[in-house]
Chemist: 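Mind having a look at this structure? Questions to follow.
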Protein chains: 2
Amino acid sequence: MVSSHDVARLAGVSQATVSRVLNGSKNIRQSTVEKVERAIKELNYHPNLNARNLVKKKTNMIALITGHTHDPFYEESTRGIVSIAAKKGYNVLVFFNKIDNDNMLYNQVLSAPVDGIIMSSILMNDSIFPVLESLEGKPYVTFNRKHSCGTNYFEIDNVKAGELITNHMIELGHKNLAYIGGPLQASTFHGRLEGFKKEANRQKIAVRDDWIKTTDTTIESIVQACKELFSGIEFPTAIVAATDAIALICLDFLLNKGFKIPEDISIGAIDNIEFSAHASIQLTTVGTHLSQSLGNLAMEHLINLIENKNKQLNSVTTTITPHLIVRRSTGNPRIK
Amino acid sequence: MVSSHDVARLAGVSQATVSRVLNGSKNIRQSTVEKVERAIKELNYHPNLNARNLVKKKTNMIALITGHTHDPFYEESTRGIVSIAAKKGYNVLVFFNKIDNDNMLYNQVLSAPVDGIIMSSILMNDSIFPVLESLEGKPYVTFNRKHSCGTNYFEIDNVKAGELITNHMIELGHKNLAYIGGPLQASTFHGRLEGFKKEANRQKIAVRDDWIKTTDTTIESIVQACKELFSGIEFPTAIVAATDAIALICLDFLLNKGFKIPEDISIGAIDNIEFSAHASIQLTTVGTHLSQSLGNLAMEHLINLIENKNKQLNSVTTTITPHLIVRRSTGNPRIK
DNA sequence: TTGTAAGCGTTATCAC
DNA sequence: GTGATAACGCTTACAA
């Protein structure tokens, strides 16, 4: 492996001078700059970032802990985060987490050589948080979900989101509502289910307990929930899915069963992933009016935290009010 | 930032001993292990990986250069690669590249502190390759696309894939074929277009020059291609898209224009991304019989290269024979 | 303008 | 078993 010493030797200068050229310092004769650059090119030298980072105590890397990008929501946010990071001179180390606290993973992230940590899929009682708090000097930020005792989060008003989509179904005339969500230790699922129940309650719509499904967000468990919902004599006429990703899986299930959407069954969700707008999907959902995604906002905030070290910024909490986006997956229930 | 020295001081041992405990070395008294571990916990110590990597000359990180995960193909491969990496103890640094050679990016990747490099979206004449070859000791691997002078690639037989989907259209009775692809400096697009032309030729089907569209794979340019295709008096009855991602965008365009698929227009593609099997898409496409994706195979190969340093493995070239997957986006042309 | 040398936080080779 | 100590490849005062 060629080092700056080799370059120095070839260029006939000291290693320190090579370093100066590399870092574009002023006060350095143009002719030596050229000598060094020629040597760099000739030896095909690339600085060892490990060594640099060690002395600079800065790596320009950030760690992202996200749910599997199988869920388009996480794919979109990951894409945005990596892009913003690149634009600002950071690289991102991607970690996928499971549904439950994963201490192995967290330890890895905690000692990863990164300047900050951004997380989307943590639980309200996640064990990483106390550690993170005690880790002075390594800023972190959360988006989508939040921790029960955490600050620095960017979320939508999940209760409101649940109310909006539920209200839409009820306004359409649906009385047989089902709900499919995820683990309630996630603040998103917790809030959305609360919104669903609250709105149903407010409108005096009784919801059967066994029509409220809590999955682990895997395809299998969502399909299982669908099977249970449509195995009895009575079916729901409308499904409120906690996320667009869940809705997409339900949709696949229902279409394969021969149901017509929305004639037979209405389906609506929350997240407004890009694909929901596709002409062959047209999912009614709940989204934000933001031009930036939550992930992008969080990433920009994280970079501010890293670079400004502005202690005032250290406890930003952002909750965005969502709104309903009506498309073609919801309609009036069939008259009996 | 707490270092192993701090731990040593608190535990009343030397820093070297802390290091030994950390690395689980034998020949160390159980009682001191406990002392050290207690100190580690108390100080909330996490080893500095930069320092460790510097001396070990190993980072357990790999760099992935991929197209934007906006294209589900890249999302799926990225997901697989990150998962395999994690399983094998590696983390992945994700870089998105543009359609053209991006020297800034490449320089970044080249000096990134990684043990190896995996790339999916390079061009046949990409400038990174000569450098990569000269970079002894940093293995690399390519999947999906390959470099004109590169080895270590995993691809499908793109010409064959182009032939298969084109043949399918012709067998259905289509005579007015259009093709929408991407930059021909990408081996995938190059081969797939070649296959398209070859098969049309073999079957004596004349294809209009202006019905062969080369986009830059952005949504805008694909939509533009669609507009051009469907603005004249004569329309194609079948579209061969070079990738499922392109087909999805065409599909959106066509459905929004009020076309029925496949009654008015058939559409088929290559890649067999997961979403193509969704009940609301049902895209006819070309895929492999592999249980693993190309990206996964490539990643496993890369880890072998890194860990075994087996020089024999150093020039693996894999070309998988693809097969047709008929779904509901293709059918017979309307009889005039 | 350039060179010398002291770290950065580890691992690993010696002695003891 | 454990403690010194020399790297690892870089940045950055401090000298010259």
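Hydrogens, waters and symmetry mates play no part in the numbers below; they use all other heavy atoms, side chains included.
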Chemist: What is the distance from CG of Asp6(A) to P of dG9(D), rounded to the nearest Å?
Modeler: 9 Å
Chemist: Rounded to the nearest Å, what distance is computed from the NZ atom of residue Lys56(A) to the P atom of nucleotide dT11(D)?
Modeler: 7 Å
Chemist: Within the pair Thr32(A) and dT2(C), is there a side-chain N or O less than 4.0 Å away from OP1 or OP2?
Modeler: yes
Chemist: Check whether any side-chain nitrogen or oxygen of Lys26(A) sits under 4.0 Å from OP1 or OP2 of dT1(C), and answer yes or no.
Modeler: no
Chemist: If you only use heavy atoms from C-beta on, which nucleotide in dT10(C), dG9(D), dG3(D) is closest to the side chain of Arg20(B)?
Modeler: dG3(D)
Chemist: So, is Thr17(B) close to the dG3(D) phosphate, meaning a side-chain N or O under 4.0 Å from OP1 or OP2?
Modeler: yes
Chemist: Is any side-chain nitrogen or oxygen of Ser14(B) closer than 4.0 Å to OP1 or OP2 of dG3(D)?
Modeler: yes
Chemist: Mind calculating the distance between CZ (Arg52(A)) and P (dC8(D)) to the nearest angstrom?
Modeler: 19 Å
Chemist: Please lay out, stage by stage, how Val13(B) and Val36(B) fare under the test side chain to side chain contact (heavy atoms under 4.5 Å, CB included).
Modeler: CA-CA 8 Å; Val13(B) 297; Val36(B) 170; 3.9 Å; yes
Chemist: I want to confirm an ordering. Mapping Leu54(B) and Val33(B) to their closest nucleotides on DNA chain D, which one lands closer to the 5' end?
Modeler: Val33(B)
Chemist: For the residue pair Tyr106(A) / Asp126(A), report whether a side-chain donor-acceptor contact shorter than 3.5 Å exists.
Modeler: yes
Chemist: Between dT11(D) atom P and Leu49(A) atom CG, what is the distance in whole Å?
Modeler: 9 Å
Chemist: Can you establish whether the number of heavy atoms outside Lys58(B) located under 6.0 Å from its atom NZ is more than 12?
Modeler: yes
Chemist: Out of dG3(C), dT11(D), dT10(C), which nucleotide sits closest to the side chain of Val55(A)?
Modeler: dT11(D)
Chemist: In whole Å, what is the span from the CG atom of Leu22(B) to the P atom of dA12(C)?
Modeler: 12 Å
Chemist: At under 4.0 Å between heavy atoms, what does Ser19(A) touch on the DNA or RNA strands: base, sugar-phosphate, or nothing?
Modeler: base
Chemist: Quick one: His5(B) NE2 to dA4(D) C1', roughly how many Å, whole number?
Modeler: 11 Å
Chemist: Judged by each residue's nearest nucleotide on DNA chain D, which is more toward the 5′ side, Tyr45(A) or Ile28(B)?
Modeler: Ile28(B)
Chemist: Please examine the side chains of Val82(B) and Phe96(A), heavy atoms only from C-beta on, and report whether any two atoms are closer than 4.5 Å.
Modeler: yes
Chemist: Counting just side-chain N and O atoms, does Arg29(A) come under 4.0 Å of either OP1 or OP2 of dT2(C)?
Modeler: yes
Chemist: Could you give the CG-to-P distance, from Asn48(B) to dC10(D), as a whole number of Å?
Modeler: 17 Å
Chemist: Salt bridge (Lys or Arg N to Asp or Glu O under 4.0 Å) between Arg38(B) and Glu42(B): does it pass, once the steps are laid out?
Modeler: CA-CA 6 Å; Arg38(B) 220 172 311 129; Glu42(B) 183 168 337; over 6 Å; no
Chemist: Between P on dA6(D) and CD on Gln15(B), what's the gap in Å once rounded to a whole number?
Modeler: 14 Å
Chemist: Are OP1 or OP2 of dT11(D) and a side-chain N or O of Asn23(A) less than 4.0 angstrom apart?
Modeler: yes
Chemist: Describe the nucleic acid contact of Asn27(A) in one word from base, sugar-phosphate, nothing, applying a heavy-atom distance below 4.0 Å.
Modeler: base
Chemist: State whether Lys57(B) places a side-chain N or O below 4.0 Å from either non-bridging phosphate oxygen (OP1 or OP2) of dG9(D).
Modeler: yes
Chemist: Which pair of heavy atoms, one from Ile122(A) and one from Lys146(A), lies closest together, and at what distance?
Modeler: CD1-C, 3.9 Å
